2 protein chains.
Amino acid sequence: MSETTTELEHQYADLKAKNLKLDLTRGKPSPAQLDLSNPLLMLPGPEDFRDASGTDLRNYGGPDGLPELREIFGELLGIPAAQLLAYGNASLAIMHDSFVHALLHGVPGGTGPWRDVDGLAFIAPVPGYDRHFTICEALGIRMIPVPPVDGRLDIATIRDLVAADPSIKGMWAVPAYANPTGVTLTADEAEALAGMDAAAPDFRLFWDNAYVVHHLTEDEPQPLDILGMSARAGHPDRPLVFASTAKITFPGAGVAFFGSSPANVEWMRLHTSAQTIGPDKINQLRHLRFFGTAEGVREHMRAHREIVAPRFSLALDILERRLGDSATWSRPLGGYFINLDVAPGAASLAIRLAGEAGVAVTPAGSAFPYRLDPADTNIRIAPTFPSLDDLEAAIDALCTCVLLAEERIG
Amino acid sequence: MSETTTELEHQYADLKAKNLKLDLTRGKPSPAQLDLSNPLLMLPGPEDFRDASGTDLRNYGGPDGLPELREIFGELLGIPAAQLLAYGNASLAIMHDSFVHALLHGVPGGTGPWRDVDGLAFIAPVPGYDRHFTICEALGIRMIPVPPVDGRLDIATIRDLVAADPSIKGMWAVPAYANPTGVTLTADEAEALAGMDAAAPDFRLFWDNAYVVHHLTEDEPQPLDILGMSARAGHPDRPLVFASTAKITFPGAGVAFFGSSPANVEWMRLHTSAQTIGPDKINQLRHLRFFGTAEGVREHMRAHREIVAPRFSLALDILERRLGDSATWSRPLGGYFINLDVAPGAASLAIRLAGEAGVAVTPAGSAFPYRLDPADTNIRIAPTFPSLDDLEAAIDALCTCVLLAEERIG
């Protein structure tokens, strides 16, 4: 046992003695962030239940969602309101339903229900969002993991796979501040995905724009116009855009959105009409009153940034100080995560050590289909929820565990 | 043309000259009913976002729904709160999802996904709820209509069908104040459904208790304990119970419930966990604060009754006065509809005549699978939404159209 190892084993023993109970697992807003939206708890307010056209939003109807709220989020997402539907509280549910409708009925431009496709598959860029992969796994959709090249999407490999195999019906993409890598696609990358040849005529890009307004700096880039790009490339029906206010207002009590081509919107409308008479329009009105305008959303997100950015800075500083050249990590400009890559083979051990020392970290492999991180390097850090003090203690503890794990595996 | 016919044609011409614009189509609460729930527009109120255990309901989590609200509706539905899940705003969506999960994954006690069953079928008692039938039609589930005998469920026929055919995987039932017949099942009838032999080991009773607290008289019967009955009969997993606050508070902005056996609840939890991180718990808290207790819900429904019961009385009086022996109709003790049966072959003509006179009536055949009313007798009247004056004009106009249609087909 080297002196360094002894020192780290020592540090780890001290860590365990502290009986920490800290959590870095999920991308949850902190209580201070939630407080920003507390006015929603009293909205829309007495006698306020009509939209601009005078419709009583308390009653049945309005399956497309509140027009004025669709205008606001249309502006933020770069999608015409006519092509943007406002639904319930979970964009995940819309993604799941999109698969269900495709499996049972097929999609516009397709040749039939996806469930009839042998070896039905989706491209899953890794590391990615665990809940995307859970949906595919639950529905029996084979995932083809595609690791990054130089930290960015491996467009060449994706292009080759998609052009060759008609059983590949689509691909996941988180275009802005991806979970967990923090990477934002460039316009060129988006154009490549919009325009690439696909063996499946009904190939779909599941474009989860979950973090489109979640900037960590004063730079607030506009969303990529994936619908326009795809239309110009001759694939108007390729992208399905998902978004929600989950990490803007209250995660469980927000509004989710679906945007796409006119044909896909009509398709979604048709299948949704069998499912429900309409979304919670009063909650949509609540959000409309709270934000007022798209600029209201941007201002609100700046207040989030004030709370969140210092947490990211603190975590990154500790990683720099403690890990130096022992690992690599993302320095995201937005979103909710820091992506930490440790020495191959050390991630699961580090996560186990952290857990045993009272620091919960997202389970090893979570950012990969079937929870299989082939090199065992990836750790997802979610720094938003803990207090600054807790975060400092948790990241410092995690660093000790990473260094110790790297030492132990030699 | 007889004198009577001439007189009716005359009346109808007068009716058209009035340029009415009235609507009897959908079971929607009236604005006065919606006003009863207006306190929800300001709830839960400032700084009120925790459940009894102290959990912050603004954040992610809590996939089963708010425990305190499940207690209240568990009491009203006669289901232990542990077996009752509180979800989003639409029980229809839970019914749809139940089919989707069954189609794609199968159900507890079954032999595999329902989509693999040749001729997959459901028993559809008629007349019934159009949106139930729409779900089956959209998902390709064959419906077997079973007409009533002496105005009640034809248990003998249902029993024979279900015992003989393993492709019959389930049955729709609206146990209290059914849509549109108003019929409430007796305990004996429920016991028969709970206990009957089924060729399919995974036969399911889709038990839509939409009107369980929607009494039109001071008699407020307890719900049938279909879960207990089925368990005692050796079929604990047979019933899936659905309910919602749609016609209790705001139709679009309420809370829906799913209740069943422990195995089915676990099944629903599992498949829902791939779909969403949790329901809108703030809206559930809003409802909890509004009602307080199960008795609070009962009191609230009595206020609804004060508004609704006079509309039913008025409509029934006009039917009696105008139609006499020319038709038969239900005299419901609860729920949202009056079921009108006219002379065979006259319903669609009467509805068309009414439409041309500006009185919208639910399209002919709506209460039947595939919109096929074989005898063309059935008209569903929804008397809750119009004002008393509008309702009087609309029912009187409809009676004229019924009489005229009966004369014309004479």
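Everything numeric in this text was worked out from a predicted model, so none of it was measured. Note on naming: letters A, B, ... go to the chains in the order of the sequence lines (proteins, then strands), and numbering restarts at 1 for each one.
- A 4.5 Å side-chain heavy-atom check between Leu41(B) and Glu47(A) finds every atom pair outside the cut-off.
- Ranked by non-hydrogen atom pairs under 4.5 Å with chain A, the options Pro44(B), Ala138(B), Gly278(B) are led by Pro44(B).
- Interface residue Leu43(A): only backbone heavy atoms are found under 4.5 Å from chain B.
- For the pair Asp280(A) and Asn283(B), the minimum side-chain heavy-atom distance is below 4.5 Å.
- Looking at Ala90(A), only its side chain comes within 4.5 Å of chain B, counting heavy atoms on both sides.
- Contact count against chain B (heavy-atom pairs under 4.5 Å) is highest for Arg131(A) among Arg131(A), Lys281(A), Gln33(A), Met95(A).
- When heavy atoms are compared at a cutoff of 4.5 Å, Ser273(B) approaches chain A solely by way of its backbone atoms N, CA, C and O.
- Using a 4.5 Å cut-off between heavy atoms, Phe99(A) makes no contact with chain B at all.
- Proximity of a side-chain donor or acceptor of Asn59(B) to a complementary backbone N or O of Pro29(A) within less than 3.5 Å is detected.
- For chain B, the option among Ile94(A), Leu270(A), Leu92(A) with the highest count of heavy-atom pairs below 4.5 Å is Leu92(A).
- Residue with the most contacts toward chain B among Asn38(A), Thr276(A), Ile282(A), Thr134(A): Asn38(A) (heavy-atom pairs, distance under 4.5 Å).
- Top candidate by heavy-atom pairs under 4.5 Å with chain A, chosen from His271(B), Met42(B), Glu137(B), Arg115(B), is Met42(B).
- Leu139(A) places a side-chain heavy atom less than 4.5 Å from the side chain of His105(B).
- Under a 3.5 Å cut-off, the side chain of Asp97(A) and the backbone N or O of Gln275(B) do not form any donor-acceptor pair.
- Few gaps surround CG on Asp116(B); more than 12 heavy atoms of other groups in view lie less than 6.0 Å from it.
- Interface check for chain A: of the options Asp56(B), Leu104(B), Ile277(B), the most heavy-atom pairs under 4.5 Å are formed by Ile277(B).
- Tyr60(B) pairs with exactly one of Lys247(A), Arg26(A), Lys28(A) by the side chain to side chain donor-acceptor pair (under 3.5 Å) rule, that one being Lys247(A).
- Counting heavy-atom pairs under 4.5 Å between each of Gly254(B), Gly140(B), Pro279(B), Gly88(B) and chain A puts Pro279(B) at the top.
- The side-chain heavy atoms of Leu40(B) and Arg58(A), taken from C-beta on, include no pair separated by under 4.5 Å.
- Taking the side chain as every heavy atom from C-beta outward, Asn89(A) and Asn89(B) never approach each other to under 4.5 Å.
- In plain terms, the two heavy atoms of Ile135(B) and Ala274(A) that are nearest each other are CG1-O, 3.2 Å.
- Interface residue Asp35(A): backbone and side-chain heavy atoms are both found under 4.5 Å from chain B.
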